Amino acid sequence: MRLTKYFLPILRETPAEAQIASHRLMLRAGMIRQASAGIYSWLPLGYKVLRRIEQIVHEEQQRAGHIPLLMPTLQPADLWRESGRYDDYGAEMLRIKDRHQRDMLYGPTNEELITDIFRSAITSYKDLPLTLYHIQWKFRDEVRPRFGVMRGREFLMKDGYNFDLTVEDAIHAYNRHMVSYIRTYERMGLKAIPMAADTGPIGGDHSHEFLVLAPTGESAVYYDRAVTDMTLGDRAIDYDDRGQVSEIVATWTGPYARTDERHDPAAFAEIPEERRVEGRGIEVGQIFFFGTKYSEPMKALVVNEAGERVPVQMGSHGIGVSRLVGAIIEASHDEKGIVWPEGVTPFHAGIVNLKQGDAAADGACEAIYAGLRAAGLDPLYDDRDERAGAKFATMDLIGLPWRVTVGPRGLASGVVELTSRRTGESEEMSPEAAVARLAGIYAGVR
RNA sequence: CGGGCUAUAGCGCAGUCUGGUAGCGCGUUCGACUGGGGGUCGAAAGGUCGUGAGUUCGAAUCUCGCUAGCCCGACCA
């Protein structure tokens, strides 16, 4: 993309309403614009990041064998009356009447709808196990939305639901989700730690939430440093291999890691002091096993091998997709702006032409731009007629992980500069070498 | 939902106390000089002062209502 043809409404000054870094930077970098309290438009740059995160979530869910579908945002109230949650959910649920005075609601989650879909189609244990998921907008009418997309009323969430015959099968689904989540967050450059959690209004028996470590996080967290040293990496995972999956879960949930709600100071004190860490975290996902909480009242039954009709064992599993955009920025920024991890960056690299209109500089930039695109990358070429300082400031603000700086001075000796946003380190090389280097860097990014 | 606060140009703000018909910086447009970290000079455009009513010869300014937004707390992917 050429910047002169793009829509990137960056702000030089910080809007007064933004209190935390991610909100401030998302507004300044032209990623979002508030429509009303807790409701945002996603401008092109923000939308690209959102889509990249969504794509990673899709890839990892499907790798784990989960099936995508799409349910609507508006749901009929009757389904919620069946589960008993229409009255339980309270004012957080946005209730709407259609023209026929039918009670509708903007879905805050989808257990009822998915259970209805399941029961209408599946009646035999032979069709299990099954995990369905979607990525769809949710609405929860928060009393006090704040922190930009971190705590919006409308938010994009991946929510998945497993249907299994036995508790053991459902626990495997739970474990499968945990492993796929660990990998998902890793691909986004995040350190997200599973922590035992309360089940809240969704209910159920076990639950973990995933906390991204960031100093501005909403929750106080206590953990053994051992959890932050673990990496799943690229290892081959067979999601049908219960032994392998449960072993990974055991490894990741072994060390002490709790939010303040579940904190046990006595157990924490037993960790060697040098490994004890008190920090803050942002919740970016949660998994639940809740058995027959919905299948029983909503009569989602299957016939088992013995010919008996039994309620399916279920769980639900969520990733806060739109919240992740903010969480990643909280975890990765500096005083100049955002620092995107390669896995989610809106553009792979920025090209800064220091002297627009200079034949050599223009030519070299065009060649690099074409070269990067030919290599399958998505570069952002700053071809505005701006001074170098303004271009650098823009690139730093929007946080592309790599920048190719092209100017007449360097070109005189045949070189351009490749700079890492994270470290600030630059290296001079030929334009061709810069393209090859970037292609190599991204070949290693899943 | 309790407590506090705000609303004036795209953004950041002054002007309100003490009523006289709206201003500054950034950004934008045009011109010139510039050109490796938000450069300089000159010119210009841009505002129903959130909204409704009231007081007054006259309201951004005073009074009352309403709406929207923000912050602290309690609650949440």
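To find a chain, count down the sequence lines: A is the first, B the second, and so on, and within it residues start at 1. No experiment lies behind these values; they were computed from the predicted model shown.
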- Here the distance between atom P of B/G38 and atom CZ of A/Arg28, to the nearest Å, is 14 Å

- Task: For the residue pair A/Gln75 and A/Tyr106, confirm or rule out a side-chain donor-acceptor distance under 3.5 Å.
- Result: no

- Item | Within the 6.0 Å centroid threshold, strictly below: A/Tyr442 and A/His348 | yes

- Query: Is a donor-acceptor pair below 3.5 Å formed from side chain A/Arg144 to base B/C75, judging by atom type as modelled?
  - Reply: no

- Query: Across all strands, who's sitting opposite B/U67 as a Watson-Crick or G-U wobble pair, both distances under 3.5 Å?
  - Reply: B/A7

- Item | A/Glu13 (side chain) and B/G27 (base): donor-acceptor pair under 3.5 Å | no

- Message: I'd like the C1' distance from B/G15 over to B/U61, given in whole Å.
- Response: 9 Å

- Query: Any side-chain donor paired with an acceptor under 3.5 Å for A/His66 and A/Arg176?
  - Reply: yes

With the criterion being N/O to N/O and under 3.5 Å, what pairs connect the protein with nucleotides 31-35 of chain B, and how long is each?
residue : atom : partner  : partner atom : Å
B/U34   : O2   : A/Arg387 : NH1          : 2.6
B/G35   : N2   : A/Asp385 : OD1          : 3.2

- Stretch residues 401-409 of chain A: residues that reach within less than 4.0 Å of RNA chain B through a heavy atom: A/Arg403, A/Thr405, A/Gly407, A/Pro408, A/Arg409

- Item | Whole-angstrom distance between B/C17 and B/U40, as gauged at atom C1' | 41 Å

- Item | Distance, P atom - from B/U55 to B/U48, rounded to whole angstrom | 26 Å

- Message: Measuring centre to centre across the rings, with the benzene-like ring taken for any Trp, is A/Phe155 within less than 6.0 Å of A/Trp137?
- Response: no

- Donor-acceptor pair present, A/Arg140 side chain and B/C75 base, under 3.5 Å: no

- B/G50 and B/U18: how far apart are their C1' atoms, nearest whole angstrom? 25 Å

- Do A/Tyr133 and A/Tyr161 have ring centres separated by under 6.0 Å? no

- A/Ile10 CD1 to B/G38 P: how many Å, rounded? 14 Å

- Query: Given the C1' atoms of B/C75 and B/G2, what is the spacing between them in whole Å?
  - Reply: 13 Å

- For nucleotides B/G58 and B/A22, find the distance between their C1' atoms and express it as a whole number of Å. 16 Å

- Query: Should A/Leu45 and A/Met26 count as side-chain neighbours, where that means a heavy-atom distance under 4.5 Å?
  - Reply: no

- Item | Flag side-chain contact, heavy atom, 4.5 Å: A/Thr216 against A/Arg280 | no

- Message: Taking B/C41 as the reference, what is the distance to B/G35 when you measure between their C1' atoms (whole Å, please)?
- Response: 16 Å

- Does B/C62 have a Watson-Crick or wobble partner in any strand here, with both distances under 3.5 angstrom, and which is it? B/G54

- Task: Assert yes or no for the condition that the ring centre distance of A/Phe210 to A/Tyr185 is strictly below 6.0 Å.
- Result: yes

- Message: Looking only at the aromatic ring of each residue, does the gap between the centers of A/Phe290 and A/His206 stay below 6.0 angstrom?
- Response: no

- Note on the structure: Atom CD of A/Gln34 and atom P of B/C11 are separated, to the nearest Å, by 12 Å

- Pairwise P distance, B/C49 and B/C62 [rounded to whole Å]: 15 Å

- Query: With no hydrogens and no angle check, do the side chains of A/Thr109 and A/Glu111 hold a donor and an acceptor under 3.5 Å apart?
  - Reply: yes

